[in-house]
Amino acid sequence: VGEFGVMVRPYQPGDEVGIAEAHRRSIHELCSKDYAPEQIADWGGARIKPERYVESITKNSEKFFVLDDSGTIGGFAGWFGEEIQGFYMHPEYVGKGWGRKLFQVAETDFWQATQHPICTIISTITAKLFYEKMGYKVVSPYVRTFRSGVSLDCWKMEKQRPA
Ligand SMILES: CC(C)(COP(=O)(O)OP(=O)(O)OC[C@H]1O[C@@H](n2cnc3c(N)ncnc32)[C@H](O)[C@@H]1OP(=O)(O)O)[C@@H](O)C(=O)NCCC(=O)NCCS
């Protein structure tokens with residue numbers, strides 16, 4: 001998917017610094033409206049390290065896509081197992097339809113590469129309305145707890161494989 005030099009493409013080695021930057025800024029500038037400062041500090045703090053994406057992509061064979069604006073990472077989305085996970089947009093790229101494009105590439109890849117009848121997402125409060133627009137329905141509340149003990153109220157959401 002390409003437009004005006006912006007495109008969605010698979011992860012390439014070297015993207016991880018831009019991914020970490022988009023991730024950190026997304027948490028601090030977008031999710032901060034829905035979560036407490038202590039939660040944001042932990043979630044968007046020292047745990048965000050470029051090498052951790054490389055690790056999960058190579059070791060877990062996680063599928064990962066990025067929004068590439070002539071070298072700037074505008075967002076990323078991946079899937080692993082039965083879940084789409086790690087979908088964050090750089091704050092300067094939100095509200096322009098790019099999130100939908102990026103998400104659709106990851107989701108299409110998920111349906112094509114797996115046989116799973118259902119796609120699961122653990123959604124932040126921040127992204128719940130976005131996922132509802134993408135056809136996902138809330139199954140239950142879900143609490144995501146980090147090793148630090150800090151936890152985040154989230155929503156478990158699901159969508160059926162399209163016919
Ligand atoms: C949620 C997020 C990915 C949306 O990205 P985006 O690029 O702004 O999305 P788009 O511009 O493609 O929007 C697609 C549609 O969703 C809607 N939408 C997006 N975010 C929304 C929100 N927070 N509330 C309501 N609607 C929203 C848009 O209005 C648009 O609808 P339309 O086509 O009817 O106009 C982005 O805001 C984000 O990264 N949030 C913070 C990180 C996060 O919480 N990630 C989820 C981890 S599970």
Side-chain angles (χ1 to χ4, degrees), residues 1-9 11 15-45 47-50 52-53 56-57 60 62-70 72-110 116 118-146 148 150-159 162:
V1 190
E3 199 180 321
F4 310 119
V6 185
M7 62 172 177
V8 177
R9 59 161 176 81
Y11 163 86
D15 289 339
E16 54 277 4
V17 172
I19 290 171
E21 175 69 5
H23 195 182
R24 186 182 300 113
R25 287 194 58 182
S26 193
I27 293 168
H28 284 271
E29 296 171 43
L30 303 174
C31 300
S32 53
K33 73 176 174 62
D34 299 307
Y35 294 91
E38 314 81 81
Q39 292 174 301
I40 297 296
D42 188 84
W43 180 19
R47 78 178 63 255
I48 297 188
K49 292 193 190 87
R52 290 191 57 183
Y53 306 97
S56 56
I57 294 163
N60 304 338
E62 192 174 307
K63 291 293 289 286
F64 224 76
F65 298 88
V66 299
L67 183 71
D68 177 349
D69 179 9
S70 310
T72 299
I73 302 294
F76 58 95
W79 65 264
F80 177 65
E82 304 189 7
E83 270 185 48
I84 291 188
Q85 53 184 21
F87 171 46
Y88 290 85
M89 291 292 293
H90 187 298
E92 284 168 24
Y93 289 83
V94 295
K96 296 175 178 153
W98 290 119
R100 181 198 292 272
K101 288 208 169 78
L102 174 60
F103 184 79
Q104 284 174 345
V105 169
E107 193 193 42
T108 301
D109 189 67
F110 175 87
H116 301 311
I118 284 168
C119 183
T120 303
I121 286 175
I122 302 301
S123 173
T124 56
I125 296 168
T126 318
K128 179 170 171 274
L129 281 163
F130 172 87
Y131 291 129
E132 283 175 346
K133 284 222 159 137
M134 301 300 125
Y136 288 75
K137 297 222 156 51
V138 169
V139 181
S140 60
Y142 185 97
V143 178
R144 205 177 138 194
T145 305
F146 298 122
S148 61
V150 167
S151 63
L152 302 178
D153 285 331
C154 293
W155 297 101
K156 183 175 178 186
M157 301 181 79
E158 286 182 354
K159 181 176 176 174

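Numbering of ligands and ligand atoms starts at 1, following listing order. In this text the structure is predicted, and so the values were computed from the model without any measurement.
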Q: May I ask whether Y131 has any heavy atom positioned less than 4.0 angstrom from an atom of ligand 1?
A: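 Y131 counts as a contact of ligand 1 under the 4.0 Å cut-off.
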Q: Do any N or O atoms from the side chain of Y35 and from the backbone of D153 form a donor-acceptor pair under 3.5 angstrom?
A: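 Such a contact is found between Y35 side chain and D153 backbone.
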Q: Considering both backbone and side-chain atoms of G97, is one of its nitrogen or oxygen atoms within less than 3.5 Å of a nitrogen or oxygen in ligand 1?
A: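 Among all N and O atoms of G97, at least one is under 3.5 Å from an N or O of ligand 1.
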Q: Measure from the side-chain N and O atoms of E92 to the backbone N and O of G74, and report whether any donor-acceptor pair falls under 3.5 Å.
A: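 It does not hold such a pair.
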Q: With a 4.5 Å limit on heavy-atom distance, are the side chains of T120 and K156 in contact?
A: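 T120 reaches K156 side chain to side chain.
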Q: Checking S26 side chain against M89 main chain: does a donor-acceptor pair fall under 3.5 Å?
A: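 Looks like yes, one N/O pair under 3.5 Å.
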Q: Could an N or O of ligand 1 be found under 3.5 Å from any N or O of K101, whether backbone or side chain?
A: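 So ligand 1 has no N or O lying under 3.5 Å from an N or O of K101.
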Q: For M134, does its backbone N or O pair with a side-chain atom of K159 as donor and acceptor, under 3.5 Å?
A: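 Yes: the side chain of K159 pairs with the backbone of M134.
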Q: Using a 4.0 Å cut-off to any heavy atom of I122, which atoms of ligand 1 qualify?
A: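 Atoms satisfying the 4.0 Å criterion: 48 (S).
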Q: Have a look at ligand 1 and work out which part of C154, if any, has a heavy atom under 4.0 Å from it: side chain, backbone, both or neither.
A: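 Looking at C154 and ligand 1, no heavy atom falls under 4.0 Å.
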Q: Heavy-atom distance under 4.5 Å between the side chains of M157 and E132, does that happen here?
A: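 Side-chain contact under 4.5 Å: yes.
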Q: Should F64 and D15 count as side-chain neighbours, where that means a heavy-atom distance under 4.5 Å?
A: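 F64 does not reach D15 side chain to side chain.
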Q: In terms of residue, atom name and distance, what is the protein heavy atom nearest to atom 35 (O) of ligand 1?
A: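 Nearest protein contact, heavy atoms only, for atom 35 (O) of ligand 1 is K133 NZ, 4.3 Å.
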Q: Is it the case that ligand 1 has an N or O less than 3.5 angstrom from some N or O of G99?
A: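 Yes - when backbone and side-chain N and O of G99 are compared with those of ligand 1, one distance drops under 3.5 Å.
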Q: Given I125, L67, V94, D34, which has its nearest heavy atom closest to atom 37 (O) of ligand 1?
A: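 Ranked by closest heavy atom to atom 37 (O) of ligand 1, first place is V94.
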Q: Just jot down the ligand 1 atoms closer than 4.0 angstrom to any heavy atom of L30, in number order.
A: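 Answer for ligand 1: 38 (C), 39 (O), 40 (N), 41 (C).
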Q: I want to know if ligand 1 touches K96 in the polar sense, i.e. an N/O pair below 3.5 angstrom.
A: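 Yes, since at least one N or O of K96 sits under 3.5 Å from an N or O of ligand 1.
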Q: Under 4.0 Å from any heavy atom of S26, which atoms of ligand 1 are there?
A: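 Answer, ordered by atom number: 39 (O), 41 (C), 42 (C).
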Q: Which protein heavy atom lies closest to atom 45 (N) of ligand 1, and at what distance to 0.1 Å?
A: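 Its nearest protein heavy-atom neighbour is F87 O, 2.9 Å.
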Q: Does I121 reach ligand 1, in the sense of a heavy atom lying below 4.0 Å from it?
A: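 Outside the 4.0 Å threshold, so no.
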Q: Heavy atoms only: which of L102, I84, T126 lies closest to atom 23 (N) of ligand 1?
A: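 Comparing heavy atoms across L102, I84, T126, the nearest one to atom 23 (N) of ligand 1 lies in T126.
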Q: Which residue from T124, L129, L152, I27 reaches closest to atom 43 (C) of ligand 1 through any of its heavy atoms?
A: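 Nearest option to atom 43 (C) of ligand 1, by heavy atoms: T124.
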Q: Using a strict 4.0 Å threshold on nitrogen-to-oxygen distance, state whether D34 and K128 make a salt bridge.
A: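 Here D34 does not pair with K128 in a salt bridge, since their nearest N and O are not under 4.0 Å apart.
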Q: If you count every heavy atom of other residues, nucleotides or ligands that lies below 6.0 Å from Y142 atom OH, does the total exceed 12?
A: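 For Y142, atom OH is not crowded (no more than 12 foreign heavy atoms under 6.0 Å).
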Q: Does an N or O from G95, backbone or side chain, lie closer than 3.5 Å to an N or O of ligand 1?
A: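 Checking ligand 1 against G95, an N or O pair does fall under 3.5 Å apart.
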Q: Provide the number and element of each atom of ligand 1 under 4.0 Å from a heavy atom of C31.
A: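 This gives 41 (C), 42 (C), 43 (C), 44 (O) as the contact atoms.
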Q: Step by step, work out the side-chain contact (heavy atoms from CB on, under 4.5 Å) result for I19 and Y11.
A: CA-CA 10 Å; I19 290 171; Y11 163 86; 3.8 Å; yes
Q: Flag the pair I121 / W79 as yes when at least one side-chain heavy-atom distance between them is below 4.5 Å, and no otherwise.
A: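 Not in contact.
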Q: When you measure from atom 33 (O) of ligand 1 to every protein heavy atom, which one gives the shortest distance, and what is it?
A: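 The closest heavy atom on the protein side is R100 NH2, 2.5 Å.
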Q: Can you see which heavy atom on I40 is nearest to which on I27, and at what distance?
A: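 Closest approach of I40 to I27, heavy atoms only: CD1-O, 3.6 Å.
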Q: With heavy-atom distances below 4.0 Å as the criterion, list the atoms of ligand 1 near W98.
A: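 Within the 4.0 Å cut-off of W98, ligand 1 contributes 12 (O).
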Q: Where is the nearest protein heavy atom to atom 9 (O) of ligand 1: which residue, which atom, and how far?
A: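 The closest heavy atom on the protein side is F130 CE1, 3.5 Å.
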Q: Sort out for me which residue in Y136, F110, F76, Y88 forms a ring-ring contact (aromatic ring centres under 6.0 Å, His included) with F103.
A: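 For F103, the ring-ring contact (aromatic ring centres under 6.0 Å, His included) check succeeds only for Y136.
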Q: For atom 5 (O) of ligand 1, find the nearest protein heavy atom and state the residue, atom name and distance (0.1 Å precision).
A: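 Result: M89 CG, 3.6 Å.
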